[in-house]
Amino acid sequence: MAVGHGHLPEPVAALIRARAAVPNPHLDVESYDPEGDLLVLNLGPQHPSTHGVLRVKLYLDGEVCIKAVPYLGYLHRGVEKLCEKLTYVQITPIVDKNDYVAAFSNELAINMGFETLLGVEPPPRAQHIRALGAEMQRVASHLLWIGTFGLDMGGALGGGATLFMHTFRERESILDCFEVLTGSRFHYNTLQVGGCRHDIPAGWETLVRQTFATISARIEEYESFVRTNAIFLARTRGVGVVDAELALSLGVSGPVLRASGVDYDLRRDRPYGLYRELKVNVATASAGDCQARFEVRLAEMRESIRLVNLLLDGVPEGPINVLKAVKLPGTVKPKPGIGYAAIESPRGELGTWVVADGSDKPYRCKIRGPSLHALSLLPYLAPGQNLSDIIVTLGSLDPIMGEVDR
Amino acid sequence: MAVNEENETFVHPLYEALERFPGADVGLTTADRVLTWGLTNALWVFPMATSCCGIEFMAAACSRFDLDRIGTIARGTPRQCDVMVIAGTITVKMAPRVKKLWDQMPEPKWAIAMGSCAISGDFYRDIYSVVPGVDTFMPVDVYVPGCPPNPDALFMGIRRLQEKIRLKREGKWTEPELRPDTPGLRSPAIGRLGDPGRDACTSQAQLDAVLGLDPGGGLRRPDQKS
Amino acid sequence: MILGNPWVHGGVVGFVVVNFLMVTFAWSVWFERKFAGRMQNRPGPTEVGPFGLLQPIADLLKLLQKQDIVPDGADRALFNLAPPIGAILILASAAALPFGPGLVAADLDVGVLFALSITSLMVIPVWMAGWASNNKYALLGAMRAAAQAVSFEVPLLLSAMVPIVLAGSFSIADIVAAQSGYAWFALWPPGPGLVAFVLFFLTSLAEANRIPFDIPEAESELVAGVTTEYTGMKFGLFYLAEYVHTLVASLLATVLFLGGWEGPFVDGPHWMIAKALGLYAFIFWVRWTLLRYRADQFMALCWKVLVPTSLATLVAAALWKHLS
Amino acid sequence: MSIDLSHFDLVAENDIVVVPVDKLVDVATYLRGQGFEYFVYCCAAHYPASESEPDRALVEYRLRRLPAEDVALRLWIPSSDACPSLAGLWQAADWQEREQFDLVGVRFAGHPDLRRIMLPEDWPGHPLRRDYAIDTRHFPWR
């Protein structure tokens with residue numbers, strides 16, 4: 001499912017891509033500007049639109065950026081160290097807080113990593129619940145992104161805020177569905193090794209169906225927002241063009257990669273869980289600019305809504321966990337080994353690399369977050385851009401600092 | 001009383017002169033009440049949103065909950081804010097910045113620690129890079145427990161802060177705000193206790209966990225027996 | 001009669017006008033918050049007073065009680081002077097604005113020029129504030145504001161020239177008189193009048209730093225623009241200047257293009273105020289709907305679209321005047 | 001589906017190749033030429049000294065040829081040694097190697113800009129080493 005080739009005819013898009021020469025992120029400012037005339041602006045760590053606590057040191061010539069140096073780690077919470085101190089069962093609620101707008105995807109990734117080590121496969125009902133949750137979470141996460149992207153462009157006291165409020169209204173209704181399923185609005189702690197903790201309550205299907213029917217009707221509004229709003233187009237077209245080769249080499253994945261014309265989705269290309277049987281239509285766009293990323297995310301929301309409706313039809317009966325008594329810590333003890341499992345989170349490839357040493361705690365657990373890779377595009381995209389465009393570009397990459405810093 | 005730029009408190013001479021004027025007490029207390037009313041009903045918030053709680057703070061400002069109803073809006077610069085809401089984990093690298101931003105806010109100012117990370121560090125409290133509670137380096141007026149707290153809990157926090165300001169300005173004694181007990185932190189948003197699918201051993205395990213916790217706060221170390 | 005004395009008359013009318021502007025400013029903040037709330041599926045202020053009507057008073061009382069901070073390294077004199085200068089300038093610009101026949105603080109022969117030139121002076125306090133704050137965000141905001149003001153003055157004045165040419169006078173009273181009989185300049189010369197009205201309105205938005213041209217403030221980029229370092233009532237004065245600027249622009253558009261105080265039943269200041277407030281509300285509507293342009297884009301818009309269009313409009317108006 | 005690395009005297013089993021340190025750059029260059037242009041991750045794990053082995057670290061690079069051909073290069077680096085950097089071949093290795101240097105303490109030789117990325121510049125120690133206490137104090141903030 002290509003969303004058309006973006007909004008630009010292919011020759012123009014190719015031209016834009018060719019022009020986006022790869023700037024040097026390691027530019028030596030001292031020799032570039034021996035007089036010290038550049039304005040050094042510290043964007044963040046507390047700034048309305050750095051999406052958390054990112055700090056970017058910008059060297060500005062007038063308002064045009066010469067060099068951008070991101071400084072990470074203002075939210076480094078030592079999750080990987082904490083994983084070494086906790087048992088496999090206790091880790092799930094911790095990783096919820098990594099990518100805090102898509103907690104379900106985090107749980108899915110880490111538990112799939114553990115299951116790879118154990119060699120178990122969740123029962124079909126649990127697979128269904130997992131796929132459902134992941135797709136619902138994708139819609140919720142993209143909704144939040146659209147809202148904050150509007151804030152980046154329109155300001156907290158303007159039209160952007162209106163967009164933000166509207167997307168949050170929809171997001172709240174998805175969170176309600178999760179609250180009914182898991183008892184929690186935000187950090188669910190609902191998956192565990194070998195399956196799920198919470199079964200689908202009675203009447204939940206109807207609630208989800210209604211919610212998503214409403215949302216899919218309202219996506220039209222956001223769609224018209226892209227197609228008809230001249231200011232939106234002017235601000236996003238040709239801004240922050242990501243070269244596909246650079247993106248691959250930087251390990252960028254997810255909507256940012258797909259908006260650059262690389263047709264790659266883990267759900268289809270390295271299927272896991274229920275996606276082995278499910279046909280996922282992957283949305284791509286070729287322009288690689290901020291508007292292409294917006295369109296790809298919109299199309300992904302549509303596709304996720306379709307998948308949710310499809311999955312709700314065929315939830316099989318049965319157990320929701322293959323393992324017995326998994327509620328007690330210490331019961332999960334994989335054999336020594338190293339495993340890697342990856343899922344397609346709303347932001348891209350979210351992987352877990354686990355080293356087991358035969359005890360009930362992982363020896364080393366690394367979370368491969370897509371946000372870190374997406375953010376590493378910024379030093380390449382920012383030079384030559386206006387300050388306003390840097391904000392928009394940063395917003396369109398959708399970094400979640402909890403996942404970047406971990 | 002006022003605060004000058006060297007952060008010393010002093011009584012304005014005009015205020016002293018006014019106090020000696022006959023009938024001034026009635027007028028002054030009324031004026032003070034009006035001023036307090038203004039102060040409590042226009043609390044502009046500086047969102048020190050670092051992580052998950054920041055998203056719930058946004059949700060509180062959004063249509064379902066709407067902080068604007070009680071006159072609270074978020075401003076991007078600390079110079080124009082009255083309340084700093086510390087929403088999220090504060091790390092060692094971030095803490096100096098938080099302190100600096102807190103110092104940049106004009107008096108009178110208050111702080112709300114939103115979420116268990118800001119209150120005590122929660123389960124990151126033993127991590128090498130996380131500050132175990134923001135009240136270790138700056139004053140906190142109201143604690144809003146939860147992980148993250150629901151937006152309505154933040155509303156309740158702001159209401160508590162208003163009440164506190166009112167009582168302070170009237171010179172009444174207020175209960176000093178303490179870190180909430182950890183059992184309060186652990187209470188789920190929706191109690192699933194009555195659910196038929198819930199195992200009895202879970203309840204027992206939760207009860208044991210609660211009974212074994214440090215009642216004084218959340219700073220219990222593994223080596224420290226209470 | 002004592003009211004016949006121009007000093008007394010001007011003083012009384014000026015007092016009334018300034019108070020009108022202040023009160024309108026206060027409750028327009030309330031109105032804007034309610035209005036934005038309704039646009040965003042939320043109620044807006046509800047708890048402070050009935051329907052939240054006392055919200056602006058609470059805000060004012062709070063701002064009055066805040067500590068006054070002058071940042072380290074700031075230029076104290078300029079930093080402290082900028083907010084009152086802004087407020088005074090923008091209130092002074094209303095002096096030449098008539099609200100009805102004879103209801104004007106100072107009936108100047110060049111009323112239009114006076115009002116426009118005073119409002120365009122607003123860039124000076126903004127620049128003072130940005131320079132004096134010792135803050136890079138404020139400096140960038142001030143730079144943007146200066147660039148914006150310099151460019152948008154041109155189409156603003158050119159489009160304001162259209163009613164002057166059509167009425168053949170610089171006096172606002174004469175311009176309003178020329179529109180009597182519902183020959184409002186926004187409607188009557190069918191082409192140039194309407195175009196000039198739209199141009200005037202757009203450029204007034206840019207002059208008053210409203211979305212989509214609010215790049216000097218740009219909360220998402222420059223935190224709070226020039227007001228980043230201002231606390232308490234100094235910020236309040238900037239806030240007042242911004243809103244009153246918008247209101248004055250609406251009033252000017254009303255007298256220049258919408259027939260001033262003319263209306264059905266009884267002519268009078270109520271029509272003038274009603275029309276201006278309608279425009280004012282429209283500005284809020286625009287503000288809470290649109291996104292923000294980038295600096296270079298809207299410079300291009302100004303010089304490549306607005307300036308030629310306003311020139312063409314002026315020529316067309318002159319031709320119309322010449323031929324009729 | 002395993003890549004043929006026999007001319008390096010290496011065998012890939014289940015996508016995993018155990019590479020000697022001195023061959024890493026050659027193998028990586030070869031793979032880059034073979035179309036492995038997607039850099040997935042660079043991870044390291046610390047193994048403290050035991051009776052049989054000295055203090056060492058396990059480093060793993062995972063590279064991918066789209067759509068789904070993976071190769072994981074696994075190396076054992078003694079703590080006294082430095083791992084050759086792949087930052088010149090894949091730009092992603094830049095930040096990933098900095099992160100592993102910061103947290104695990106593996107040094108990467110030939111890295112353009114090997115600074116700490118997560119922790120403050122003046123931080124003592126590398127927290128993900130097994131001998132680093134989880135609740136290490138850091139004056140004055142904790």
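This structure is a prediction, so every number in the text was calculated from the model and none was measured. Scope of the values below: all heavy atoms of this structure, side chains included, with no hydrogens, waters or symmetry mates. Chain letters run A, B, ... following the sequence lines, proteins first and then strands; every chain starts at 1.
- Proximity to chain B (any heavy atom under 4.5 Å) is restricted, for C:Gln55, to the side chain, taken from C-beta onward.
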### Task
Check the pair C:Val48 / B:Trp37 against side-chain contact (heavy atoms from CB on, under 4.5 Å), numbers first and verdict last.
CA-CA 9 Å; C:Val48 188; B:Trp37 170 85; 3.3 Å; yes
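- Ring pair C:Phe31/C:Phe284 is tilted by interplanar angle, where 30° to 60° counts as tilted.
- With a 4.5 angstrom heavy-atom cutoff, B:Arg64 does not touch chain C via any of its atoms.
- Among B:Gly76, B:Ser63, B:Gly71, the residue making the largest number of heavy-atom pairs under 4.5 Å with chain C is B:Ser63.
- By the 30° and 60° cut-offs, the orientation of the rings of B:Trp44 relative to C:Phe235 is perpendicular.
- Heavy-atom pairs under 4.5 Å with chain B peak, among C:Leu64, C:Leu60, C:Thr227, at C:Thr227.
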### Verdict with supporting geometry, C:Thr231 and C:Gln67, side-chain contact (heavy atoms from CB on, under 4.5 Å)
CA-CA 7 Å; C:Thr231 60; C:Gln67 185 189 3; over 6 Å; no
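- Listed options B:Ile70, B:Asp66, B:Thr77, B:Leu43 were ranked by heavy-atom pairs under 4.5 angstrom with chain C; first place goes to B:Asp66.
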#### Entry: CA sep, side-chain torsions, deciding dist, call: C:Ser133, C:Leu139, side-chain contact (heavy atoms from CB on, under 4.5 Å)
CA-CA 8 Å; C:Ser133 288; C:Leu139 185 63; over 6 Å; no
